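Reading through the structure tokens given below for one structure.
These figures come from a predicted structure and were not determined experimentally. Lettering of chains follows the sequences in order, A, B, ..., and the numbering in each one begins at 1.
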There are 2 protein chains.
Amino acid sequence: MSVPRLPASRSRENYLKALLQLGAEAAVPVTVLARHLRISAPSVTNMLARLADEKLVVLGPRGAARLSGAGEQAALQVLRRHRLLETFLVNVLDLDWGEVHEDAEELEHHVSQRVLDALDRFMGHPTEDPHGHPIPDRQGRLARRALAPLAALPTGSAAEVREVRGGDDRARMARWKQSGLVPGARVRMVQANADDGVFTLEIAGRRMVSGREGLDGIMIERRTRTSR
Amino acid sequence: MSVPRLPASRSRENYLKALLQLGAEAAVPVTVLARHLRISAPSVTNMLARLADEKLVVLGPRGAARLSGAGEQAALQVLRRHRLLETFLVNVLDLDWGEVHEDAEELEHHVSQRVLDALDRFMGHPTEDPHGHPIPDRQGRLARRALAPLAALPTGSAAEVREVRGGDDRARMARWKQSGLVPGARVRMVQANADDGVFTLEIAGRRMVSGREGLDGIMIERRTRTSR
DNA sequence: GAGGGTTATTAGTTACGACTAACGAGCGGC
DNA sequence: GCCGCTCGTTAGTCGTAACTAATAACCCTC
């Protein structure tokens, strides 16, 4: 009982995935989508018209686009493929978490349902990818969580890193891994200076100082006193 | 105004792979290639001209094509990807050997060197795929073996199945697996009747009767008295 | 309410890789 | 030597998805 994959075509799938990621709430303007996909604005207008034709997106005023129900389902399937693949590449094939993004980006458009299911089975149905992103289930349901940016953690508080965003920047990934900023890590904010944007942290007992940008994308969950 | 454009591309790779498989010795006529790839003859002429431009194939009289050195190398890399992927899908993901062909056919064009190497490493550098085909090594060297068709085994002789060709026919694969005709199986020709094309075999102690076509593609190695 | 800047669209092109229809070249049979 | 078959090529189209250049629509400010 698989969800059918009608739209197909690499390019369409990328548009849908981008809309899912950019259009959490509001409709996405053409320009934003164009920048994100690194495609010219006219091309985007064009493609959006086709996707609207196919009832995968709904166009609002001034060309802004949002996913239809069907479009969102399709996008979630692409996201599922992407995240399962990243998980496979890192956890099974032992590739570095910073260098798997492009591979997953490519393969997500070419893995059949059969192979995807087999991968999922082989890995024991993981629910999060190596960056801590939740993996949509077979029905396209995505766990929604309320995470806070690490930079918002007040001085003196502790938390757990749950998600590390921006997996397309390899250097960033490498730095984070280096300093232990990976999902599951415990962090304590030793000193947050909102004025000059300098943050001193303690990660697994080690001190670290970083600017705001260096922390951007690290999402945490405040742990009151929950045991593991 | 753009530069010649280097090969890659799914379609090109399929042409190269087809030429490798069809053109063992002689050059391949346009029509044969067209039938094999299920593409119209004019399209083939066209594509061959481009591949010749790029020095991947050499065109002979009457349009017949054969791979150049560079073309053969490229084709062997595609074949390596295909066979490693099939091996992975069957041996690791536990998919059925009859149903992995299409998946491998698709993925072979999209797996990066990095992922391929990781798969190879993960599987311990296999040298044969699940159908017994040798896997070209990283340098594109392909083990050449002299195997005989099972139908040529004389009455009373025993042999070992080494290779099972024609992996794109699922029904066939299923039948063979059912009757134990898989690489590594020991077979004995109980009665070969060249006249009416009826063959009686013994596979792992079980009798089986088959017509010539039912055996076509099963390649064996005569074992004199080798142990193991 | 008239500019000016941002944003979106229209129009026209390009590349790739397939297609059909129609033409031409080789070759066997008589 | 001509007929006709098979095989290959030429010519012209199509669909997808990108592009640039030019234009139009909107929004904000004065």
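- What separates CG of Asp53(A) from P of dT16(D) is a distance of 11 Å, to the nearest Å.
- Whole-Å rounding puts the Asn14(B) CG to dA18(C) C1' distance at 13 Å.
- Tested against His131(B), the residues Glu86(B), Glu163(B), Arg165(B) include a single side-chain hydrogen bond (donor to acceptor under 3.5 Å, both in side chains) partner, Glu86(B).
- Using a 4.0 Å cut-off between a side-chain N of Lys or Arg and a carboxylate O of Asp or Glu, Glu54(A) and Arg12(A) qualify as a salt bridge.
- Phosphate contact (OP1/OP2 of dC19(C), side-chain N/O of Ser43(B), threshold under 4.0 Å): present.
- Between dT16(D) and Arg12(A), no contact under 4.0 Å exists linking OP1 or OP2 to a side-chain N or O.
- Closest to the side chain of Ile39(A), from the set dA8(C), dT9(D), dA18(D), is dA18(D).
- Gln139(B) CD: more than 12 foreign heavy atoms inside a 6.0 Å radius.
- Not one side-chain nitrogen or oxygen of Arg10(A) sits closer than 4.0 Å to the OP1 or OP2 atom of dT16(D).
- For Tyr15(A), a side-chain nitrogen or oxygen approaches OP1 or OP2 of dA18(D) to under 4.0 Å.
- Residue Ser40(B) has its side chain nearest to dT20(C) when only dT7(C), dT20(C), dA18(C) are considered.
- Distance, His109(B) NE2 to dG17(C) P: 12 Å, rounded to whole Å.
- Here Arg83(B) does not pair with Glu108(B) in a salt bridge; the nearest charged N to carboxylate O distance is not below 4.0 Å.
- Under a 4.0 Å N-O distance rule, the pair Arg162(B)/Glu128(B) qualifies as a salt bridge.
- Side-chain nitrogen and oxygen atoms of Ser9(B) include none within less than 4.0 Å of the OP1 or OP2 phosphate oxygen of dC16(C).
- With rounding to whole Å, Met47(A) atom CE is found 15 Å from dT9(C) atom P.
- In terms of position along DNA chain D, the nucleotide closest to Arg35(B) lies nearer the 5' end than the nucleotide closest to the other residue of the pair Arg35(B) and Arg62(A).
- Taking atom CG of residue Leu37(A) and atom C1' of nucleotide dA17(D), one finds them 13 Å apart after rounding to whole Å.
- In this structure, CG of Leu33(A) is placed 14 Å from C1' of dT7(C), rounded to the nearest angstrom.
- Note: NE2 (His36(A)) to P (dT7(C)) measures 18 Å, nearest angstrom.
- Along DNA chain C, the nucleotide closest to Leu59(A) and the one closest to Asn46(A) are compared, and the more 5′ of them pairs with Leu59(A).
- Between Thr45(B) and dT9(D), a side-chain N or O to OP1/OP2 separation shorter than 4.0 Å is present.
- Look at Ser11(A) and you'll find a side-chain N or O under 4.0 angstrom from OP1 or OP2 of dA18(D).
- Relative to the side chain of Arg50(A), the nucleotides dA17(D), dT10(D), dA8(C) differ in distance, and dA17(D) lies closest.
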